[in-house]
Chemist: 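The structure that follows is given in the form of structure tokens.
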Number of protein chains: 2
Amino acid sequence: MFEPIERSISRFINLEKEEFDFFKTLLTKKNFQKKELILRSGQICRNVYFINSGCLRYFYLVDGEEKTAQFFFENSWYTDYESFLSGDPSENFVDVIEDTELLCLEKDSLYKLYSEIPKFERFGRMMAENAYLGIRHRTKTLTNLSAEERYVKLIKERPKIFERIPQYYIASYLNIQPQSLSRIRKKLVTKG
Amino acid sequence: MFEPIERSISRFINLEKEEFDFFKTLLTKKNFQKKELILRSGQICRNVYFINSGCLRYFYLVDGEEKTAQFFFENSWYTDYESFLSGDPSENFVDVIEDTELLCLEKDSLYKLYSEIPKFERFGRMMAENAYLGIRHRTKTLTNLSAEERYVKLIKERPKIFERIPQYYIASYLNIQPQSLSRIRKKLVTKG
DNA sequence: TTTTTTCATTCACCTAGGTTAATAAAGGTG
DNA sequence: CACCTTTATTAACCTAGGTGAATGAAAAAA
């Protein structure tokens, strides 16, 4: 149950056995079922999560329409950085696309780790840096490519998404309407 | 010359006098003139900069067209995170909009600080977190608002930009053509 | 000053993708 | 199985913003 998270952390820092054992005592396992809402707008996000299994969708509302910002799969980390860092209520939602098992680390615990074990401060820095690189990549995709190019790129870069996520969520992630995605797919099939 | 950077750092961590004195020894002052290119695509960015005075533009090319990702003014930090963190050649450019004085901190020096003074590791984490929040805010603006809404929002949030940056760079930052920005301005003037 | 270059504006035209509405599959559920 | 809800597709139409070309204004250079 803790191997995936240990492997994930060890890509950034090397923990002594005792350090990881201590870390484990701070984690709580949580299970959620498909369609559950893990986070809703207005709630304060006070935790960081590691996804042991399953799939989550991170989204927000613009004029009542859901805008999907990200999908999270097993072996990745997730938090609502805006709310987590500021302590303000979130403007986002997270729902469950496949039954999901999470390991939950509370903000207080994480900050304690930061203070007591400098290696974790480094881990936190690297996580934030990676989050930055990830969203920068996404921003460039969204602002510089046409809808069709974004679709083709997504197939290439994250084919797994197409096996596990309904098409209308993918459209939302590509920042287009489901009808537009259908149109694009048809066009690409027709011309090979 | 070091007061602004000291104030900037002290918003995140509290340094002892000796720590800041040591930090100062790692900084180099650099001056650039309007229109100079500080960073060009293909170069590796090996430094973090603090801007004492002046104004920089961070941009990249898409099909030969310049896309402005960000403007940096005095009292802010800047680096090309992608290149700095990966060590890969940058795909971006930075040019000088107003004569600029920078304080330069080399990657090796920063990493030394990270290792020797855990407070700096924390500072690095917080800088990365802030960079994340900043670009996330920008991404939401670019993907959810119309060109006109982005323009109005920019006037409200960063009026300084309009006093110091030519309009065609602002258009680029808003991810529209200069002609479109003219059209929008005309429309807004007409209807009050 | 005149000349040249750079930047801003305007207009006509075009297209990617949004919108609305209808239809068809595909999944659940009793 | 039949029934109902959720997804996906298609088509007709519309609009925001891109494109290209011309004009004007401002700044820089000579």
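Convention: sequence-line order gives letters A, B, ...; per-chain numbering from 1.
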Chemist: Assign the ring pair A:Phe59 / A:Phe93 to parallel, tilted or perpendicular, where the plane angle (0 to 90°) is split at 30° and 60°.
Modeler: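 Parallel.
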Chemist: What is the distance from CD1 of A:Ile97 to C1' of D:dT6, rounded to the nearest Å?
Modeler: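 It works out to 15 Å between those atoms.
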Chemist: Check each of A:Glu149, A:Arg136, A:Lys153 against A:Thr141 using the side chain to side chain donor-acceptor pair (under 3.5 Å) test, and report the only one that passes.
Modeler: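 In the set A:Glu149, A:Arg136, A:Lys153, the residue that makes a side chain to side chain donor-acceptor pair (under 3.5 Å) with A:Thr141 is A:Lys153.
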Chemist: When the ring planes of A:Phe2 and A:Phe20 are compared, do they come out parallel, tilted or perpendicular, using 30° and 60° as the limits?
Modeler: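 A:Phe2 vs A:Phe20 ring planes: perpendicular.
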Chemist: Does A:Lys30 count as lying over the ring of A:Phe32, i.e. NZ or CZ under 6.0 Å from the six-ring centre, within 45 degrees of the axis?
Modeler: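 Verdict for A:Phe32: no cation-pi partner in A:Lys30.
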Chemist: Taking the six-membered ring for Trp and the single ring otherwise, decide whether the centroids of B:Phe23 and B:Phe120 are under 6.0 Å apart.
Modeler: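 That pair passes the under 6.0 Å test.
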Chemist: Given atom CD of B:Glu65 and atom P of D:dG20, what is their separation to the nearest angstrom?
Modeler: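 Interatomic distance, CD of B:Glu65 to P of D:dG20: 11 Å.
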Chemist: Would you mind reading off the distance between B:Asp63 atom CG and D:dG18 atom P, rounded to a whole angstrom?
Modeler: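 The distance from CG of B:Asp63 to P of D:dG18 comes to 14 Å, rounded to the nearest Å.
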Chemist: Would you mind telling me which residue lines up with the more 5' stretch of DNA chain D, B:Arg150 or B:Lys34, judged by nearest nucleotide?
Modeler: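 Its nearest nucleotide lies further toward 5', so the answer is B:Arg150.
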Chemist: Each nucleotide in nucleotides 5-16 of chain C should get exactly one letter: B, S or -. Can you fill that in based on protein heavy atoms under 4.0 Å?
Modeler: --SSBBS-----
Chemist: Parallel, tilted or perpendicular, judged at 30° and 60°: which one describes the rings of A:Phe71 and A:Tyr173?
Modeler: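 If you compare the ring of A:Phe71 with that of A:Tyr173, the planes turn out tilted.
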Chemist: Separation of B:Ile176 atom CD1 from D:dT19 atom P, in whole Å?
Modeler: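 So the two atoms are 12 Å apart, to the nearest Å.
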